[in-house]
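Taking it in order: structure first as structure tokens, then the write-up.
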Amino acid sequence: MRRRTFLAVAGAVTAAVVAPVQATASTGYPFRNPRVPLRSRVDDLLARLTLPEKVSLLHQYQPAIPRLGLAMFKTGTEALHGIAWSTDITSTPEPGAVRTAVATVFPQAVGLASTWDPALIKRVGSVVGDEIRGYHSDNPVVWGLNAWAPVVNLLRDPRWGRNEEGYSEDPYLTGVISTAYAGGLAGDDPRHLKTAPTLKHYLANNNEIRRDRTSSNLRPRVKHEYDEAAFKPAIAADAATGVMAAYNLANGRPMTVSPDFDDVVRTWTDQVLMNVTDAGNPNNLIGSQAYFATLAEADAATLKAGLDSFTVDNTNAKPTVDAINAALAHGLLAESDVDTAVRHILTVRCRLGEFDPGGGPHAGITMDVVDSPAHRRLARETAGKAVVLLKNDGALPLRATGTVAVVGPLMDTLYTDWYSGKLPYEVTPRAGIAERVGVTGSEAVDRIALRTTDGRYVTAGAGADGAELVTSGIAAGTERQFDAFDWGQGVLTLRSVANGKYVERADFGQTSAFVNRAPQPRDWFVHQQFTFEDTGEGTIVVRYVGFETVNDWEGPNNYLTIAEDGRVVLGSPDAAGATQFIKETVHSGIDDAVAAARGADAAVVVVGSMPFINGREDHDRTTTALAEGQSALIRAVHAANPNTVVVVENSYPTTLTWEQANVPAILWTTHAGQETGHAIADVLFGDVNPAGRLTQTWYASDADLPDILEYDIIKARRTYQYFDGTPLYPFGHGLSYSTFRYGRLAIESPLKVSVPVTNTSDRAGDEVVQLYTHQRESRDPQPTLTLRAFQRVRLNPGQTKTVRFSVPVNDLAHWDVTRGRWVVEGGTYDVLVGASSTDIRQRGSVRVKGEAIPPRDLSRTTRAVDFDDYTGVSLVDTSKERGDSVGGPGWISFHDSELRRARTFAARVAGAGAIEVRLDGPTGRVAGKATSPGTADRYTYTSITAALSGADGRHDVYLVVTGELRVDTFTIS
């Protein structure tokens with residue numbers, strides 16, 4: 001979901017929509033009777049609705065229907081790691097203002113998964129569900145019970161701006177954690193939902209750059225084995241009640257109109273699902289995606305694809321209602337199509353207890369639960385269990401004696417992210433450590449002043465709301481000083497010493513002034529970002545970089561100048577016209593940190609990211625490196641005090657190559673909510689024995705990563721499953737203060753595995769025992785390792801527990817492109833158990849009975865997309881409704897094909913171009929060539945043929961496509 005702080009609403013729903021509804025005459029209807037079967041209740045209510053009433057329920061804001069006693073219902077309360085925010089249809093002067101909850105904030109999603117503890121995560125989900133119910137009891141108009149969480153998109157690329165929102169690069173781990181969290185949100189009542197969780201964002205949505213226009217190429221194996229596999233578990237377990245469509249296209253078709261919602265997702269469960277669009281996505285179909293000419297066509301296709309609720313135009317339902325009515329009038333939709341979607345919606349509403357007398361079993365949860373002592377304790381426990389000890393050469397745990405220097409830009413600040421609620425209180429890293437031991441410290445940021453060449457200083461306001469920046473004075477007093485925070489790649493934020501607020505652009509419009517008033521950098525456009533550019537003449541110019549994309553409301557000027565009245569404004573489009581400043585360093589952040597560290601018993605350097613700057617929704621990273629200034633800080637502090645511990649607080653893998661080689665100990669945590677400081681201190685001083693594990697591969701260099709738009713993990717060798725290089729930290733990595741010994745592995749067939757694990761230390765601790773498999777022989781490329789099961793096990797000193805796993809043989813299946821189905825191949829499978837994907841402690845193998853994939857029979861109609869390998873081609877939509885094709889130019893191959901004196905090649909194609917049939921290589925012998933002179937458009941198909949020569953026996957068949965040709969199916973016979 002895209003959240004905005006500025007709103008342009010074409011129209012408003014009347015106040016009557018949200019007025020309280022008294023259910024009087026309707027109380028005797030069957031749909032109000034909990035003893036009536038669910039389907040009958042829904043059928044009864046659906047039959048009582050008029051067509052206009054049914055159409056009105058298709059928008060995110062479903063209006064009240066007073067004659068039936070139905071209240072307004074709103075889809076979408078954000079709840080990724082705590083209840084976060086929702087929108088308010090009653091807000092003035094414009095409806096749709098964002099309302100942020102003050103509630104328990106748990107670690108970011110990637111941190112939740114780092115616990116590798118599904119039982120804990122279900123408890124977290126249950127608390128979040130309780131707090132949603134609490135807020136709903138206070139204001140049901142704002143706080144709906146349809147929770148838009150969790151995000152289960154796989155973290156295949158650590159540069160993805162939304163890495164913080166997902167769980168893992170591994171589909172199995174993602175499925176386990178998402179099922180636990182969604183299950184907690186939904187509750188355990190077999191008939192009633194606490195909340196209705198919606199999985200985001202289906203499917204293959206891992207880039208923010210041009211996210212509504214880029215197409216994710218998903219060959220069938222990647223789609224089925226990887227991307228779909230992350231979404232299926234929570235749906236199949238009936239933990240989630242629907243999915244949200246992603247912004248991107250997949251194989252050339254916008255996900256908003258993908259047939260998967262009915263053809264795939266709904267086949268995973270017998271429960272009724274309510275699927276929703278992402279914010280604004282229906283309008284993208286006629287806008288940025290230009291897939292349909294009219295909104296009526298777009299909305300009709302969206303509904304027919306299996307989406308039920310339109311999240312679009314903020315609170316204004318009129319465009320959606322008008323488009324659906326137009327689609328009905330023109331025969332693009334039948335009333336039965338509307339009925340299908342409304343039945344899905346009403347089923348979920350009924351399961352939420354809305355139509356029960358008294359509101360169902362969860363209706364008694366009130367605001368009393370929010371930020372309760374029990375929830376605070378769970379937040380601390382979860383944050384501690386999520387911490388990953390990356391390295392420890394004996395520096396940890398720290399002794400609670402002497403003095404610890406706590407330094408770094410994140411030591412005194414807790415940051416929230418786009419999908420966080422407001423922290424009810426804050427325990428910062430320094431505060432948490434200071435509860436244990438004497439502390440000295442420094443934020444280690446440079447305090448600077450900016451002076452013009454004629455001697456005037458940039459000056460900020462001293463009041464709580466700040467003031468427009470001006471140039472004045474001849475001395476650098478506190479009102480003329482700023483703390484410059486370095487977030488990497490030259491990006492700085494400037495905190496005014498005068499009032500502790502950050503400098504930001506004054507507004508979204510053409511006003512070009514700046515004011516020191518922001519409590520923290522944040523919002524959709526982060527208007528608090530600057531870079532200093534060296535002129536080479538002893539001066540700098542200041543560039544404003546408070547936007548990631550060019551917008552029509554932005555003027556041409558990016559550089560700061562001084563207006564005639566002395567105000568600091570955007571006054572130049574380039575550095576040549578910018579005002580030159582002399583940057584004076586009042587005191588050096590690194591010097592302050594070194595001074596604090598030099599006399600301390602230990603130094604803790606707290607570095608990391610700012611979630612609104614270092615990548616987020618709509619903004620990918622271009623590097624996983626630490627900010628340059630933060631790296632310099634670590635090196636300087638380590639030189640001053642060899643007993644240095646680095647705490648990295650961010651939400652993505654980071655290239656800590658120097659730190660790993662030189663620093664004694666490194667901890668990693670996400671932005672972990674209000675209890676971050678306690679959690680860090682608990683681990684540093686040994687009250688919590690760390691057992692968090694990485695859910696992604698941490699690469700040694702950005703050079704290890706292919707283009708962010710490369711979705712084929714098999715061909716590009718992505719994630720731990722296929723990566724051929726040496727990672728900085730492997731998937732599943734995490735250290736402990738305890739040591740563990742793995743005994744002899746026992747394997748039964750089918751795949752039942754047991755291994756004794758002993759705590760060989762004098763400290764109780766958790767071990768995360770991980771089970772992987774590897775298929776030795778296969779027709780198809782197989783992963784080096786695949787995670788099949790895991791357990792987080794608590795062991796006292798000297799204690800041994802036998803950890804048992806049972807993996808269904810069907811879980812070993814992969815997608816057979818030759819026959820379009822799952823297959824378990826017979827053969828030897830390695831079974832590997834250990835503490836990470838590279839720390840394997842015990843190995844074994846097992847023979848699995850299965851089938852052999854036969855040679856391809858290309859005399860049968862073969863989809864071009866079911867290739868074995870390819871170069872250059874794109875995957876495209878066969879039609880707007882369904883189907884995947886291959887678009888040239890490039891080649892595709894079909895391995896181990898049995899050709900029986902084949903004489904004819906025939907293909908169904910669209911567009912103009914040619915197909916060469918070559919044997920045993922893309923430059924191998926030409927067996928034939930078929931040409932298409934062109935078709936009317938990309939969706940108009942024709943058959944082309946060619947005579948073949950020498951096409952006999954077993955061969956790898958290559959189709960070399962030239963021109964702008966789309967290939968749907970072919971035969972060789």
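Start at 1 with the first residue, then count along the sequence.
Side-chain contact of D88 with T90: a donor-acceptor pair under 3.5 Å is present, judged by distance alone. With hydrogens and angles left out, the side-chain atoms of Y425 and E675 include a donor and acceptor closer than 3.5 Å. Side chains of S420 and H81: a donor-acceptor N/O pair is present below 3.5 angstrom, by distance only. Looking only at atom types and distance, the side chain of D523 has no donor-acceptor partner in the side chain of Q528 under 3.5 Å away. Between N146 and T198, the side chains place a donor N or O and an acceptor N or O closer than 3.5 Å (distance only, hydrogens not considered). Using modelled atom types, one finds no donor on one side chain facing an acceptor on the other under 3.5 Å when comparing W148 with T77. Using modelled atom types, one finds a donor on one side chain and an acceptor on the other under 3.5 Å when comparing R349 with Q62. Checked by atom type, the side-chain pair Y652/S609 shows no donor-acceptor distance below 3.5 Å. For the residue pair D356 and H192, a side-chain donor N or O sits within less than 3.5 Å of a side-chain acceptor on the partner. Side-chain atoms of N650 and T654 form a donor-acceptor pair, as typed in the model, at a separation below 3.5 Å. A side-chain N or O of H375 and one of E131 form a donor-acceptor pair less than 3.5 Å apart. For the 3.5 Å distance criterion, the side chains of S738 and N689 qualify, holding a donor opposite an acceptor.
Separation of atoms OG1 (T695) and CG (N163) is listed at 7.5 Å; rounding is to 0.5 Å. Expressed to the nearest 0.5 Å, how far CD of E169 lies from CG of L154 amounts to 9.0 Å. One finds the CH2 atom of W668 at 7.5 Å from the OG atom of S651 (value rounded to the nearest 0.5 Å). The structure places CE of M367 at 12.5 Å from CG of D130, a figure rounded to the nearest 0.5 Å. For the atom pair CZ of R616 and CH2 of W160, the computed distance is 14.0 Å after rounding to the nearest 0.5 Å. To the nearest 0.5 Å, the span separating OG1 on T676 from NE2 on H671 amounts to 8.5 Å.
The stretch residues 369-382 participates, sequence neighbours left out, in these salt bridge (charged side-chain N to carboxylate O under 4.0 Å, His left out) pairs: R123-E381, D371-R376, R380-D682, E381-K385.
Under 4.0 Å is where a charged nitrogen must lie from a carboxylate oxygen, and between R495 and E443 at least one such pair does. D766 and R794 are joined by a salt bridge, as a carboxylate oxygen and a charged side-chain nitrogen come within less than 4.0 angstrom of each other. A salt bridge links E78 to K200: one of the charged nitrogens lies within less than 4.0 Å of a carboxylate oxygen. Look at D687 and R436 and you find a salt bridge, because one of the NZ, NE, NH1 or NH2 atoms lies within 4.0 Å of a carboxylate O, short of that distance.
Side chains of H201 and V151 form a contact here, defined as non-hydrogen atoms less than 4.5 Å apart. The shortest side-chain heavy-atom distance between P521 and E504 does not fall under the 4.5 Å cut-off. Counting heavy atoms from C-beta on, the side chains of I121 and T115 come closer than 4.5 Å. Using a 4.5 Å cut-off on side-chain heavy atoms (C-beta onward), Q674 and K422 make no contact. Inter-residue side-chain proximity for T382 and P107 is flagged as met; some heavy-atom pair is nearer than 4.5 Å. Between Y729 and P653, the closest side-chain pair of non-hydrogen atoms is not below 4.5 Å. Using a 4.5 Å heavy-atom threshold, the side chains of R99 and W85 count as separate. The shortest distance between side-chain heavy atoms of F731 and S168 falls below 4.5 Å.
Across all their heavy atoms, E767 and A835 have their closest contact at OE2-CB, 3.5 Å.
Of the residues listed (V407, V648, L410), the one engaging V607 in a side chain to side chain contact (heavy atoms under 4.5 Å, CB included) is V648, and it is the only one. Paired with L684 under the rule side chain to side chain contact (heavy atoms under 4.5 Å, CB included), one option of L389, V406, V387, I433 passes, and it is I433.
Panel note: side chain S86, backbone V142; a donor-acceptor pair is recorded below 3.5 Å. Looking only at distances, a side-chain donor or acceptor of R693 sits under 3.5 Å from a matching main-chain atom of G734. Within the 3.5 Å criterion, the main-chain N or O of G76 finds a donor-acceptor partner in the side chain of K74.
Partners of F355 according to the ring-ring contact (aromatic ring centres under 6.0 Å, His included) rule, which considers only residues two or more places apart in sequence or in another chain, are F31. Under the ring-ring contact (aromatic ring centres under 6.0 Å, His included) criterion, Y737 pairs with no residue at all, not counting sequence neighbours.
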| request: Run the numbers on T758 and K801 for side chain to side chain donor-acceptor pair (under 3.5 Å), then give the verdict. | output: CA-CA 7 Å; T758 303; K801 287 185 180 179; over 6 Å; no
| query | So N759 and S761, side chain to side chain donor-acceptor pair (under 3.5 Å) or not? Walk me through it. | reply | CA-CA 6 Å; N759 183 344; S761 72; 2.7 Å; yes
